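Note that the structure is a prediction, hence the values are computed from the model and not measured. A, B, ... follow the sequence lines: proteins, then strands. Residue 1 opens every chain.
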Amino acid sequence: MSNYNVLIVEDSPTMRQLIVFALKRIRGLTIVEAGDGVDGLKKLSATKFDMILTDINMPIMDGLKLVSLVRSDPNYAAVPIVIITTEGASEDKERAIALGANAYITKPIQTTQILDVTRRLLNLPA
Amino acid sequence: MSEQDDDKSASRRAEEFLQVFKRGADFTQDLLKENERLRFSLLQLEGQLKSGSNADNEETIRMRKRIEELEQQKEEILGRARRVEEENADFANRYVEIENENNMLANLYIASYQLHSTLDFREVLQVITEIIINLIGAEEFAIMLLDEKTNKLQAVMTEGLEISEVPAIAIGDGLVGQMAKTGENYFIDQMDNYERDFHHPLVVIPLKIKERVIGVIVIYKLLVQKPKFAEVDYELFTLLAGHAATAIFSSKLYSESERKLSTIQGFIDLLTK
Ligand SMILES: [Mg+2]
């Protein structure tokens with residue numbers, strides 16, 4: 001069974017727990033949590049990740065800044081990035097996609113949304 | 001010509017005639033035989049023809065039967081395929097149901113886990129706020145607590161608006177006060193075109209410890225992508241009504257006892273110095 005490292009960058013413990021809870025249904029994932037963008041970058045430099053799920057609104061460093069920094073790193077030029085947004089049709093979403101995010105999920109999130117997007121981006125069977 | 005010569009020629013002619021006649025008789029005999037043979041062949045052919053068409057008929061009947069059998073088998077297989085399709089649709093529906101239930105349980109588990117993860121009053125309010133934003137999907141709301149001295153509901157935490165904007169509401173006063181008095185949940189009927197009204201919000205959820213109301217959650221606006229409440233939301237509201245209340249109450253008790261403890265400790269320190 002192939003193993004994937006997934007990083008969750010989210011300041012809300014409730015959201016983090018919900019995402020971790022959902023992702024535990026996929027076998028072979030190693031999940032690492034970060035509470036803000038800076039924490040996320042630290043963790044990205046310590047381990048090679050196969051996917052990043054990040055919130056937009058976070059203290060210290062927000063998700064948009066994180067996405068642009070991740071994309072400027074040649075090691076992470078192609079890593080799938082999923083952003084978690086609050087608004088249904090916000091500019092944040094478009095900006096994140098323009099900066100190089102691959103997909104987005106909208107709050108209030110459903111566990112199925114997280115599972116679907118993760119399986120799709122990691123090419124895992126449903 | 002002599003008489004002898006005449007006799008000779010006559011007998012020769014007779015001989016010739018006899019031979020011709022014999023050939024004719026043989027020929028007739030041959031003809032009759034041939035006729036017999038042909039008639040026999042004809043009969044044989046007729047017989048063959050008859051038995052031949054019979055065989056054809058039997059073959060046709062056999063083929064027809066086979067076709068009918070195959071048609072029947074085809075219908076059976078099609079029927080089975082339809083049943084399998086129906087079963088598949090049932091399974092798909094059941095799968096969606098289970099996924100929804102799963103999602104709901106995940107939300108409830110996380111909400112209760114988070115609510116009881118701290119004994120700090122401000123952190124408890126933060127957790128309640130997070131649940132309302134992230135799990136329910138509200139954009140503007142207030143957590144109001146009952147001030148026992150004034151018997152009024154007072155906002156202690158807000159999202160999407162300032163605390164100072166939310167007016168204090170006396171128990172029994174208006175819709176919010178009534179819900180706090182009766183302990184019943186309130187959900188507005190028509191959400192379309194709703195405009196914020198502090199005395200007529202979208203949702204009022206009394207926070208209860210048994211029958212005692214200690215406050216209310218009041219929602220004024222949902223996220224844009226959230227047009228209506230789902231089943232999971234009602235479950236979350238029910239959970240919040242009880243668990244948020246006990247979490248708030250115990251964190252308050254805890255901070256009070258901590259304060260008292262530090263005061264006592266202060267006295268002890270003072271006396272023993
Ligand atoms: Mg956030």
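- Close approach to chain B, defined as a heavy atom under 4.5 Å from one of its heavy atoms, is seen in Ser12(A), Pro13(A), Thr14(A), Met15(A), Gln17(A), Leu18(A), Phe21(A) of residues 6-24 of chain A, taken by number.
- Between chain A and the residues Met104(B), Glu99(B), Gln126(B), the most heavy-atom pairs under 4.5 angstrom are made by Glu99(B).
- When the shell of 6.0 Å around NZ of Lys65(A) is examined, it contains 12 or fewer heavy atoms from other residues, nucleotides or ligands.
- Annotation: residues 113-124 of chain B contacts chain A through Tyr113(B), Gln114(B) [non-hydrogen atoms, separation under 4.5 Å].
- A pairwise comparison of heavy atoms in Asn134(B) and Lys107(A) identifies OD1-CD, 3.1 Å as the closest pair.
- When the options Asn102(B), Asn107(B), Asn103(B) are evaluated for a side chain to side chain contact (heavy atoms under 4.5 Å, CB included) with Gln110(A), the one that passes is Asn103(B).
- Taking 4.5 Å as the heavy-atom cut-off, none of the residues of residues 140-167 of chain B approach chain A.
- Of the atoms belonging to Ile109(A), it is backbone heavy atoms, and not side-chain ones, that fall under 4.5 Å from chain B.
- Residues of residues 233-265 of chain B lying under 4.5 angstrom from chain A, judged on non-hydrogen atoms, do not exist here.
- Shown here is Glu195(B), whose CD atom has no more than 12 heavy atoms of other residues, nucleotides or ligands within 6.0 Å.
- The minimum heavy-atom distance between Pro108(A) and Leu135(B), with the atom names listed, is CB-O, 3.5 Å.
- For NZ of Lys210(B), the number of neighbouring non-hydrogen atoms (other residues, nucleotides, ligands) closer than 6.0 Å is 12 at most.
- Crowding of Glu101(B) atom CD: a count of heavy atoms from other residues, nucleotides or ligands under 6.0 Å exceeding 12.
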